[in-house]
Amino acid sequence: MAERLVMNLGETWTDLPVAPADQAMGVLANLGILAEDEELVVLMELITLPAEGEEQDRLPAMITVAPSERGPRVSEKATLPHGRTVYRSVGSVTSDPQTSGSQALFLCCHAMRLNEVDIVARTWLGPDPRILKPLLEPIEELLDSITVEDGVS
């Protein structure tokens, strides 16, 4: 079943194309926040998967990695303003795993369950994680607005 996410992008977010390679990896939508000069500040990938298992076990596992790997290792549970529960994590990955000494890129991950669908949002912050503080509110407002259509909502 093909899900369709409906959300309020407001004036903050812009809808960006999803490349066929990203679609093959399950990316349903790419959203971005643009600076005044139209340069991309952050990119958020939204991925949907069929809901499986217990929410409190599966969702944190979807946004964390093993202690021996690069990436978010710890998640926290949060409640969004409209009462929706999300799990979030922050970590860094190597920009090019094949190149020694490549730059670290930070990402903030969110996972939530809406009825029969699990949604993962990966927001790519770039090389400076301090950018997250002013962006956390618009990220979570967007996530709070999402509904799932096509018989799943």
Query raised in the report: Which pair of heavy atoms, one from Val74 and one from Ser89, lies closest together, and at what distance?
Result: O-CB, 3.2 Å
**Report entry** Contacts of Ala35 that satisfy side-chain contact (heavy atoms from CB on, under 4.5 Å) - sequence neighbours left out
**Finding:** Asp37, Val41
Requested in this report: Could you go through the side-chain contact (heavy atoms from CB on, under 4.5 Å) check for Leu114 and Thr147 one step at a time?
Outcome: CA-CA 8 Å; Leu114 295 179; Thr147 58; 5.8 Å; no
Requested in this report: Please report the shortest heavy-atom distance between Val27 and Val18, naming the atom on each side.
Outcome: O-CG1, 3.6 Å
Requested in this report: Drop me the distance from Leu28's CG to Gln23's CD, to the nearest 0.5 angstrom.
Outcome: 8.5 Å
Query raised in the report: Taking the side chain as C-beta and beyond, is there a heavy-atom pair between Ile63 and Ser75 under 4.5 Å?
Result: yes
Query raised in the report: What distance separates Asp22 CG from Ile47 CD1, expressed to the nearest 0.5 Å?
Result: 9.0 Å
Query raised in the report: Counting only heavy atoms not in Glu54, do more than 12 fall under 6.0 Å of its CD?
Result: no
Query - Stepwise side-chain contact (heavy atoms from CB on, under 4.5 Å) check, Leu80 with Val86 - result: CA-CA 7 Å; Leu80 301 180; Val86 298; 3.6 Å; yes
Query - side chain to side chain donor-acceptor pair (under 3.5 Å) contacts in which one or both residues fall within residues 118-133, not counting sequence neighbours - result: Glu45-Arg122, Glu45-Trp124, Arg58-Asp118, Arg113-Asp118, Asp128-Arg130
Query - Single-linkage hydrophobic cluster, 4.5 Å side-chain cutoff, Leu9 and Ile119 together - result: yes
Query raised in the report: Between Arg84 and Ile146, is there a donor-acceptor pair closer than 3.5 Å when you use the side chain of the first and the backbone of the second?
Result: yes
Requested in this report: Just jot down the side-chain hydrogen bond (donor to acceptor under 3.5 Å, both in side chains) partners of Glu141, sequence neighbours excluded, or say none.
Outcome: none
Query raised in the report: Is there a side-chain contact (heavy atoms from CB on, under 4.5 Å) between His110 and Leu136 once you walk through the steps?
Result: CA-CA 11 Å; His110 287 78; Leu136 193 57; 4.1 Å; yes
**Report entry** Whether Asn30 side chain and Pro17 backbone form a donor-acceptor pair below 3.5 Å
**Finding:** yes
Query - side-chain contact (heavy atoms from CB on, under 4.5 Å) between Thr14 and Leu31, worked out - result: CA-CA 6 Å; Thr14 187; Leu31 304 172; over 6 Å; no
Requested in this report: State which residues pass side-chain hydrogen bond (donor to acceptor under 3.5 Å, both in side chains) with Ser92; sequence neighbours excluded, sorted by chain then number.
Outcome: Arg70
Query raised in the report: Between Leu105 and Pro127, which heavy-atom pair has the shortest distance, and what is it?
Result: CD2-N, 4.0 Å
Query raised in the report: Any chance CD of Glu137 has more than 12 other-residue heavy atoms, nucleotides or ligands included, within less than 6.0 Å?
Result: no
Query - From CG (Leu135) to CD (Glu140), nearest 0.5 Å - result: 11.5 Å
Query raised in the report: Got a second to check how far Leu142's CG is from Thr12's OG1, nearest 0.5 Å?
Result: 9.0 Å
Query raised in the report: With sequence neighbours left out, what residues match Glu76 under side-chain hydrogen bond (donor to acceptor under 3.5 Å, both in side chains)?
Result: Arg88
Report summary line: Heavy atoms of Leu46 and Ala121 approach each other most closely as CD2-CB, 3.6 Å
Query - Leu132 vs Ile139 side-chain heavy atoms within contact, under 4.5 Å - result: yes
Query raised in the report: Would you say the side chain of Val148 lies within less than 4.5 Å of the side chain of Thr48, judging by non-hydrogen atoms?
Result: no
Requested in this report: Provide the closest heavy-atom pair for Asp57 versus Pro60 in the form atom of the first, atom of the second, distance.
Outcome: O-CD, 3.6 Å
Requested in this report: Apply side-chain contact (heavy atoms from CB on, under 4.5 Å) to Leu40 and list each qualifying residue two or more places apart in sequence or on a separate chain.
Outcome: Leu16, Leu34, Leu43
Report task. Grab the two heavy atoms, one from Trp13 and one from Met44, that are nearest each other, plus how far apart they are. Result -> CH2-CE, 3.7 Å
